[in-house]
Amino acid sequence: MKNAILASLAIGASAVCVAAAHADTYPSKPITIVVPTAAAGSTDIMARLVGEQLQQALGQPVVVDNKPGASGNIGTEAVARAAPDGYTLLMQYSGYHVGNPALFPQIRWKTSDFAPIALVMRAPHVIAVSGTLPATNLKELIAHGQKNSKGLFYASSGNGSIQHIAGEMFARQAKVPATHVPYKGAGPVVVDLISGQVDMFITTPPSVIGQVQAGKIKALAYAGAKRHPSMPNVPTATEAGLPGYEVESWFALFAPARTPPAVIARLTAQIKSIVESEAYKKKVEDQGAFAAYMDPPTLAKFVDQETAMWSKVVKDGNIKAD
């Protein structure tokens, strides 16, 4: 028995030494940030913005790997099953992280499969419509949807995304018939929104702000408590005639659970420095969003709160993953 205990202690001490040595040399090879959506959406934009600066700080290449599909579950599960060594990370969109567990009870991952690293951005949504749609403000959009026999066709980056839930909330509050059209990310949605294949996209500003500024997409309302500095002429939904309609997404970096704490700490310190820099804040604000940092314990608590809140929204609204 004594020998067994000593052997166990020796194994434990060895594991600690290996983990410490790993942390001391981390990173010693390229890091991959998995994005569970197609390119050109907000999650992808954030991964590339953070990844570029993280690469400079750590001195190793940071590669963005888009793994879209199944409403974000393909990419998210891939990271949940990855080696917990700090070389495979997840840039996650809140709609997938805290919405999917309520909408897809069969998914093969859970929030506890991830170690929080840091929150990097918060973004109230914007109600964007095709430039071909005969509506120049929110009241005209609602009237158009009510008069049109087919209602409105609204897009999302996938079943269960906050864009999906936001569309359902909009349809119910505005009393407009609406049909959900899911995509594999915001990038493909924008292409079809410009051409008029879909009518409306309630999404985070980074996905559409460039096209709004180019006049190809119309931003009718900002679903936040106040207007955003990058879109001063876009009223809040409340100002535009839909009182209390507020929808916010957030984006955060995660690692697989059981990633060495020292590795998480190194990544967190670098992300904190990036997110709190004036250059980063300016870039995010230019995208119509807000730079926001949370450390791992705060982010873990926030995830639990958000999961409970969105689960209630889904249940109370009887929202289904089409």
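All residue numbers in this chain count up from 1 along the given sequence. Heavy-atom basis, side chains included; hydrogens, waters and symmetry copies ignored.
The two residues F153 and V181 come nearest to each other via the heavy atoms CD2-CG2, 4.2 Å. Minimum heavy-atom separation, Q55 to P61: OE1-CA, 3.3 Å. Smallest separation of non-hydrogen atoms from A257 and S112: CB-O, 3.6 Å. Among all heavy-atom pairs drawn from S230 and G288, the shortest one is OG-CA, 3.2 Å. Closest non-hydrogen pair, L299 versus A252, comes out as CD2-CB, 3.9 Å. Here the closest heavy-atom approach between residue V35 and residue A47 is recorded as CG2-CB, 3.4 Å.
Ring geometry, Y93 versus Y96: the interplanar angle exceeds 60°, so the pair is classed perpendicular (tilted spans 30 to 60°).
A salt bridge between K281 and E285 is absent, with no side-chain N of the basic residue lying under 4.0 Å from a carboxylate O of the acidic one. Taking a cutoff of 4.0 Å between a charged side-chain nitrogen and a carboxylate oxygen, D286 and K283 do not qualify as a salt bridge. Electrostatic pairing of R172 and E168 counts as a salt bridge here, judged by a charged N lying under 4.0 Å from a carboxylate O.
To the nearest 0.5 Å, atoms OG1 (T179) and CG (D199) are separated by 9.5 Å. Atoms NZ and OH, from K272 and Y293 in turn, are 6.0 Å apart once rounded to the nearest 0.5 Å. To the nearest 0.5 Å, atom CG of residue D44 and atom CD1 of residue I33 are 10.5 Å apart. Taking CG of L90 as the start and NE2 of H97 as the end, the distance is 7.5 Å to the nearest 0.5 Å. Rounding to the nearest 0.5 Å places NZ of K175 at 10.0 Å from CD1 of I142. For the atom pair OG1 (T203) and CG (L193), the distance works out to 10.0 Å, reported to the nearest 0.5 Å.
At least one side-chain heavy atom of T259 sits under 4.5 Å from a side-chain heavy atom of P256. Side-chain contact between P205 and H228: absent, with no pair of heavy atoms (C-beta onward) separated by less than 4.5 Å. Between L58 and I31 there is a side-chain heavy-atom pair separated by less than 4.5 Å. You'll find the side chain of Q92 reaches within 4.5 Å of the side chain of P36, heavy atoms only. At a threshold of 4.5 Å between non-hydrogen side-chain atoms, the residues I165 and L103 count as touching. Using a 4.5 Å cut-off on side-chain heavy atoms (C-beta onward), V275 and L119 make no contact. Within the 4.5 Å cutoff, the side chain of P124 has heavy atoms near those of the F290 side chain. Inter-residue side-chain proximity for P116 and F254 is flagged as met; some heavy-atom pair is nearer than 4.5 Å.
With sequence neighbours excluded, no residue forms a salt bridge (Lys or Arg N to Asp or Glu O under 4.0 Å) with K184. With sequence neighbours excluded, the residues forming a side-chain contact (heavy atoms from CB on, under 4.5 Å) with V212 are V208, I217, A219, listed by chain and number. For T298, the side chain to side chain donor-acceptor pair (under 3.5 Å) test picks out D295, with sequence neighbours left out. Taking H144 as the reference, nothing meets the side chain to side chain donor-acceptor pair (under 3.5 Å) condition, with sequence neighbours excluded. Scanning for side chain to side chain donor-acceptor pair (under 3.5 Å) contacts around S42 gives T204, S207, with sequence neighbours left out. Partners of Y222 according to the side chain to side chain donor-acceptor pair (under 3.5 Å) rule, which considers only residues two or more places apart in sequence or in another chain, do not exist here. Contacts of I127 classified as side-chain contact (heavy atoms from CB on, under 4.5 Å), with partners at least two apart in sequence or in another chain: L138, L141, F170, M200, I202, A221, Y245. E77 pairs by the side-chain contact (heavy atoms from CB on, under 4.5 Å) definition with R81, R108, W109, not counting sequence neighbours.
Residues I74 and Y183 fall into different hydrophobic clusters, defined by Ile, Leu, Val, Met, Phe, Trp and Tyr side chains chained together at heavy-atom separations under 4.5 Å. Cluster membership check: L253 does not share its hydrophobic cluster with I45, using side-chain heavy-atom separations under 4.5 Å among Ile, Leu, Val, Met, Phe, Trp and Tyr. The hydrophobic clustering, which links ILVMFWY residues whose side-chain heavy atoms are closer than 4.5 Å, places V63 and L267 apart. By the rule that hydrophobic residues join a cluster once side-chain heavy atoms approach within less than 4.5 Å of another member, I271 and V263 end up as members of one cluster.
For the salt bridge (Lys or Arg N to Asp or Glu O under 4.0 Å) condition, no pair includes a residue of residues 139-159, sequence neighbours left out. Listed by first then second residue, pairs satisfying ring pair (Phe, Tyr, Trp, His ring centres under 6.0 Å) with a partner in residues 187-211 number zero, not counting sequence neighbours. Pairs of residues two or more places apart, or lying in two chains, never qualify as ring pair (Phe, Tyr, Trp, His ring centres under 6.0 Å) while including a residue from residues 29-61. Sequence neighbours left out, the pairs with a member in residues 116-137 that pass salt bridge (Lys or Arg N to Asp or Glu O under 4.0 Å) are R122-E248.
Between the side chain of S156 and the backbone N or O of Q163 there is no donor-acceptor pair closer than 3.5 Å. A donor-acceptor contact shorter than 3.5 Å links the side chain of D113 to the backbone of K110. A donor-acceptor distance shorter than 3.5 angstrom exists from the side chain of K218 to the backbone of L133, with no hydrogens or angles considered.
In summary, the side chains of T132 and S130 do present a donor paired with an acceptor at a separation below 3.5 Å, with no hydrogens or angles considered. At a cut-off of 3.5 Å, with distance as the only test, a side-chain donor of S249 or H125 sits close to an acceptor on the other residue. Checked by atom type, the side-chain pair S28/Y87 shows a donor-acceptor distance below 3.5 Å.
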Evaluation steps, side chain to side chain contact (heavy atoms under 4.5 Å, CB included), between R227 and E239: CA-CA 10 Å; R227 297 189 186 199; E239 290 174 331; 2.9 Å; yes

CA sep, side-chain torsions, deciding dist, call: V303, W250, side chain to side chain contact (heavy atoms under 4.5 Å, CB included): CA-CA 10 Å; V303 166; W250 48 265; 3.9 Å; yes

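When the options V50, T37, I117 are evaluated for a side-chain contact (heavy atoms from CB on, under 4.5 Å) with M91, the one that passes is V50.
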